[in-house]
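Numbering of ligands and ligand atoms starts at 1, following listing order.
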Amino acid sequence: MAKAKKKAAATKTKPAAKKPAPKTVKAAAKKPAAKKANGNGAFHLPKPTNKPYGQAGKALEGVRILDFTHVQSGPTCTQLLAWFGADVIKVERPGVGDITRGQLRDVPNADSLYFTMLNHNKRSITIDSKHPQGKRVLDELIKKCDVLVENFAPGALDRMGLTWEHIHSLNPRMIVASVKGFGPGPYEDCKVYENVAQCTGGAASTTGFREGPPLVTGAQIGDSGTGLHLALGIVTALYQRTRTGRGQKVLAAMQDGVLNLCRVKLRDQQRLQHGPLTEYSQYGEGIPFHDTVPRAGNDSGGGQPGWILKCKGAPEDPNAYIYFITQAPVWEAICDVIGEPAWKTDPEYATPKARLPKLKQIFARIEEWTMTKTKFEAMEILNKYDIPCGPILSMKELAADESLRKTGTVVEVDHPTRGKYLTVGNPIKLSDSITEVQRSPLLGEHTDEILTEVLGLKPADVAEIKASGALSAPEKKEKAA
Ligand code: COA
């Protein structure tokens, strides 16, 4: 419960705690918002501090987030904000919670890794957003928060009564941030999951081998990628609010986020009008280009040709491979390393232009060399010559990587019902805002704490709201009836 204590300490300084506790949420809703309530004043430009780096609080301390996110895209965003110090209050449906709590479970009756790995450093409150008393609690929370983040299906937030107009009237400073599958247009009403976004954002049509079908990637560029985009939108809107005093809507559409990450492929689409894409190995193989960007296998997306090559141990070890880039400035070193010193001066090989039509043959020759080394031996030798390369690392290898543990990119977390597990920590390192990864909350773990500390309600008020059924699961309501 260290987390609860820490959060309590953090909220102690907030003016909300000094407010006289409302008798009921209904009564509180009628009161004008306190001038210094968190949503109307807690986020301001901080006073200069003399505290040393790493001890001046976290970057987003004082920012309170009403987190209506679920599954992956939205939770990725709010987890980042929590790691940067925001107080993230995750609102979950009573009894069920975020659907991922129960998806892909590996430990019976414990929150899944799917959930725990996306919801660190957050607090959880259960509220039935369609219950009249639940709506009132939400209205009060809106007044106390700086940002509402959601990634419901299109229209769901409005159907809860939480329209932009309603939120804005309660708290004009509130930023309302949404992930949707598509931006305005023919598909705006569609529900979208990761792979749909990869397909509609240009990733699938440009991933895979030319002769094979479109392919989705393992990296969650649709979900986690869009969550990252949204987080940037939110902090940007918070920054603008320091000047305007106003909140605004922030939208990150998954199709847009994926297309942004596929920017180089839209570049290539336009280059096609001016001739073949000479760095694609298809060019060297003499296969004509059509009018759209083809799948490029393991070709490098930039101007320096690259490919994945077998190392010692392949193919028995499915990851005994290395990515090898024939960067022009180190071509001579590559020739020496692989034992082809004559290629340094041979006009057929000496220039990048001369090499382009022969890339397949050149990589086959380099592979003869890489197959005599393990991927780590090859990496060590090639790095001495500044030859850009990277071993294909398995998840098993990454999980055991000591340097990633040291930097906090891979972290071990303890959880009361599932025990210890590994997670990916904050990949963004701020020298003056150090991330401490704390376990994800149990469903509704902080319901009472949030009602009393954030809303300033008294135990009797909390009991009244609970009795109304606004915070409990429908099964319980049925049993009680
Ligand atoms: N209390 C009461 N009802 C709640 C609730 C709460 N605390 N939280 C959610 N609900 C309700 C919603 O109001 C909605 O009801 P409605 O359809 O009657 O209005 C319902 O739960 C389901 O929400 P929805 O978002 O439609 O969930 P879904 O499981 O059907 O769809 C997605 C999931 C991800 C496809 C959809 O949310 C979506 O397209 N989101 C936007 C894109 C996105 O983020 N996709 C990636 C997810 S990783």
Side-chain angles (χ1 to χ4, degrees), residues 66-79 89-104 112 114-115 117-119 122-139 141-142 148-163 166 176-185 187-201 203 216 219-231 233 250-258 441 443-444 446-447 450 465 468-477:
L66 192 57
D67 180 10
F68 259 116
T69 67
H70 64 155
V71 201
Q72 185 182 164
S73 63
T76 301
C77 165
T78 51
Q79 178 169 258
I89 298 173
K90 184 167 174 110
V91 179
E92 297 186 79
R93 197 205 289 250
V96 190
D98 187 325
I99 192 151
T100 59
R101 284 187 185 266
Q103 284 180 336
L104 312 178
S112 69
Y114 195 3
F115 176 84
M117 291 178 71
L118 286 162
N119 289 285
K122 303 180 186 178
R123 300 200 274 178
S124 167
I125 181 171
T126 52
I127 305 174
D128 180 347
S129 62
K130 290 173 179 159
H131 188 286
Q133 191 73 328
K135 283 174 189 279
R136 289 186 200 111
V137 173
L138 284 171
D139 282 356
L141 282 170
I142 285 168
L148 185 154
V149 192
E150 62 94 20
N151 69 311
F152 288 128
L157 197 67
D158 287 358
R159 286 194 291 276
M160 287 179 184
L162 297 177
T163 60
H166 179 71
V176 179
S178 305
V179 169
K180 293 288 165 260
F182 296 93
Y187 303 127
E188 66 186 305
D189 292 331
C190 299
K191 289 186 176 183
V192 168
Y193 282 109
E194 171 69 45
N195 288 350
V196 175
Q198 289 200 23
C199 292
T200 56
V216 294
Q220 305 287 281
I221 57 176
D223 280 340
S224 289
T226 308
L228 274 162
H229 282 91
L230 191 71
V250 180
L251 171 66
M254 294 168 74
Q255 182 186 40
D256 301 6
V258 171
L443 179 59
H446 306 96
T447 299
I450 290 162
I465 297 167
S468 77
L471 312 180
S472 50
E475 303 85 59
K476 282 187 188 161
K477 281 181 230 167

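For Asp98 (side chain) and Val71 (main-chain N/O), a donor-acceptor pair under 3.5 Å exists by modelled atom type.
For the pair Ser124/Arg101, a side-chain contact is recorded, criterion being any heavy-atom separation below 4.5 Å from C-beta on. In this structure the side chain of Lys90 never reaches within 4.5 angstrom of the side chain of Thr78, judged on heavy atoms. Using a 4.5 Å heavy-atom cutoff, the side chains of Ile465 and Leu471 are in contact. Contact annotation: the side chain of Asn151 never approaches that of Leu230 to less than 4.5 Å [non-hydrogen atoms, C-beta and beyond].
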N or O contacts of ligand 1 with protein under 3.5 Å, please list pair by pair.
| unit_1 | atom_1 | unit_2 | atom_2 | d |
| --- | --- | --- | --- | --- |
| ligand 1 | 1 (N) | Ser129 | N | 3.0 |
| ligand 1 | 1 (N) | Ser129 | OG | 3.1 |
| ligand 1 | 7 (N) | Ile127 | O | 2.9 |
| ligand 1 | 13 (O) | Lys130 | NZ | 3.4 |
| ligand 1 | 15 (O) | Lys130 | NZ | 2.9 |
| ligand 1 | 17 (O) | Arg159 | NH2 | 3.3 |
| ligand 1 | 18 (O) | Lys130 | NZ | 3.0 |
| ligand 1 | 19 (O) | Arg159 | NE | 2.7 |
| ligand 1 | 19 (O) | Arg159 | NH2 | 3.2 |
| ligand 1 | 21 (O) | Arg93 | NH2 | 2.6 |
| ligand 1 | 25 (O) | Ala153 | N | 2.8 |
| ligand 1 | 30 (O) | Lys191 | NZ | 2.4 |
| ligand 1 | 37 (O) | His70 | NE2 | 3.1 |
| ligand 1 | 37 (O) | Asn151 | O | 3.3 |
| ligand 1 | 37 (O) | Ala153 | N | 3.1 |
| ligand 1 | 39 (O) | Val192 | N | 3.2 |
| ligand 1 | 40 (N) | Asn151 | O | 2.9 |
| ligand 1 | 40 (N) | Phe152 | O | 3.4 |
| ligand 1 | 44 (O) | Ser73 | OG | 2.9 |
| ligand 1 | 44 (O) | Asn151 | ND2 | 3.0 |
| ligand 1 | 45 (N) | Val192 | O | 2.7 |

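Listed by chain and number, the residues in a ring pair (Phe, Tyr, Trp, His ring centres under 6.0 Å) with His229 amount to none (sequence neighbours excluded).
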